[in-house]
2 protein chains.
Amino acid sequence: MKASTSTSKPSAKYHHGNLRQTLLAAAKQMIAADGIESLSLRKLADKVSVSRTAAYHYFDDKNDLLCAIASDGFRQWQQLLKQSEQQNQTERQKFEQYLVNYMVFATHHPEEYELMFGRCIWKQAQCTEELQTIAHGTFQHQVEMMAYWQSIGLVLGDNPLRTAQIIWGTLHGIAKLFIDGVYVDDTRAEEIVKSALPMFLVPKD
Amino acid sequence: MKASTSTSKPSAKYHHGNLRQTLLAAAKQMIAADGIESLSLRKLADKVSVSRTAAYHYFDDKNDLLCAIASDGFRQWQQLLKQSEQQNQTERQKFEQYLVNYMVFATHHPEEYELMFGRCIWKQAQCTEELQTIAHGTFQHQVEMMAYWQSIGLVLGDNPLRTAQIIWGTLHGIAKLFIDGVYVDDTRAEEIVKSALPMFLVPKD
DNA sequence: CAATCAATCTTGACACTGTCAAAATGCTGG
DNA sequence: CCAGCATTTTGACAGTGTCAAGATTGATTG
């Protein structure tokens, strides 16, 4: 059955070959379209034309699958960060860029963002070790940036951890209020974070 | 059956009398104990010793019930606010009190807080008109307070809406990172928000 | 080449969920 | 006492995640 279109590509065989990747991609697509909570393993399996429980060979759990998506999200975010750091800008511009990047990433990948930082994984279910590691690394990196920006007198405060917590909190809060639909009109997210910027900076003169 | 203990109290009869309140109270208790997502209408019904679908005469939906809990949460929060405003303090103390109150309320009623401001209701399901109204009123009130604090030169900025959005964002973000378990050790929440305080104030001298 | 084996996928089954329609129950006014 | 009403229950259905057992395939040996 299933008209395996025998000829060239060996990828679409019974032994799917890369089911794991296919599942992840399809799942991302589905949550982007309809939200996390309306993703079911059965609909996902249907979409990939595979049986209900096929995913269980690649993921312990539904939770495990969601953690994998979240981990991918962190990788994507880290890459965006690295790429942005390499640009030729003043530190002040880099800092602003960081804030804006955060908002753009969050509002453009709302469901992945929710998985990365939301209760869905962190509170309710326990999170994978992989996820724990990569998330911690990301935050660590942010603290280091903050320490640097404080050391050169750009950002207020002398406690990098504390400052990172506050600034991250601000970004997270604004992002979440938009994502969750408490605030509407995402396009303003960038504006808001820009007007929050001066609060974090050492007044210059 | 059920030994209606005929004598005095007419409250515990078959026609339950105040099922709605009973259900709400039990539901709050259950989400406080095990979290929102593990609340099921059937377990709730069991707990109140009533049949699976009894709740449907008082609530359209599971969502409707959750909205009712959220509305109660807003009422509770408003009351706490009003009560705090009446205290004899400097405006600066009132502002600080407001920030601390927010964190204490959020971390002490995490599940209700999630219902009040989280995706569970605002994004995914549509929210009740009652909830919409009371939530909007609460925010409106906050904007007015911000306008006043800005007018007397206490808080930075000249755009009350914008400032309220940012400050609320900060509070919400920090609260949520604790509630959802990204940050641990809630007891530090108060500390963090206190060290964020100076960022919002007009520097005095 | 054929037989075996492990990886991969499917089927069957179970308990649990929200929700609707129809029936049953108890209360209250005539 | 009975009709009508508000209230509660029973039955049923489609979904859900997940486990155990079986079926299928590709690769690895002898």
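Just the heavy atoms: all of them, side chains too, but no hydrogens, waters or symmetry mates, feed the values below. Order of the sequence lines sets the chain letters (A, B, ...), proteins ahead of strands, with each chain counted from 1.
The base of D:dG15 lies outside donor-acceptor range of the side chain of A:R42, with no N or O pair under 3.5 Å. In the interface, the side chain of B:T53 is paired with the base of D:dT10 through a donor and an acceptor atom under 3.5 Å apart.
One interatomic measurement links the two molecules: CG of A:L44 to P of C:dT10, which rounds to 12 Å at whole-angstrom precision. As a whole-Å value, the separation of B:L41 CG from C:dC20 P is 11 Å. To the nearest angstrom, P of C:dT19 lies 8 Å from CG of B:N63. Rounded to an integer number of Å, the gap from CG of A:L23 to P of C:dT8 is 13 Å. In this structure, B:H57 atom NE2 and C:dT19 atom P are separated by 15 Å, rounded to whole Å. If you take CD of B:E37 and P of C:dT17, they are 14 Å apart, rounded to a whole angstrom. D:dT16 atom P lies 15 Å from atom NZ of B:K62, rounded to whole Å. Residue A:L39 contributes atom CG, which lies 10 Å from atom P of D:dT16 at whole-angstrom precision.
Using a 4.0 Å cut-off between charged side-chain N and carboxylate O, B:R75 and B:D72 make a salt bridge. Salt bridge A:E114/A:K176: present, at least one basic N to carboxylate O contact under 4.0 Å. A salt bridge is defined here as a Lys NZ or Arg NE, NH1 or NH2 lying under 4.0 Å from an Asp or Glu carboxylate O, and B:K123 with A:E37 fails to meet this definition.
Below 30°, between 30° and 60°, or above 60°: for A:W77 and A:Y98 the angle between ring planes is between 30° and 60°, a tilted geometry. Note: A:F200 and A:F95 have perpendicular aromatic rings, judged against thresholds of 30 and 60 degrees for the angle between ring planes.
Among the atoms of the strands shown, only primed sugar atoms or phosphate atoms (P, OP1, OP2) are found under 4.0 Å from some heavy atom of B:Y58.
Between B:L19 and B:R52, the residue anchored closer to the 5' end of DNA chain D is B:L19, taking for each the nucleotide with the nearest heavy atom.
Side-chain proximity of A:V50 to the nucleotides C:dG12, D:dT8, C:dC9 is greatest for C:dC9. When each of D:dC19, C:dT19, D:dT16 is scored by its nearest atom to the side-chain atoms of A:Y56, the top-ranked nucleotide is D:dC19.
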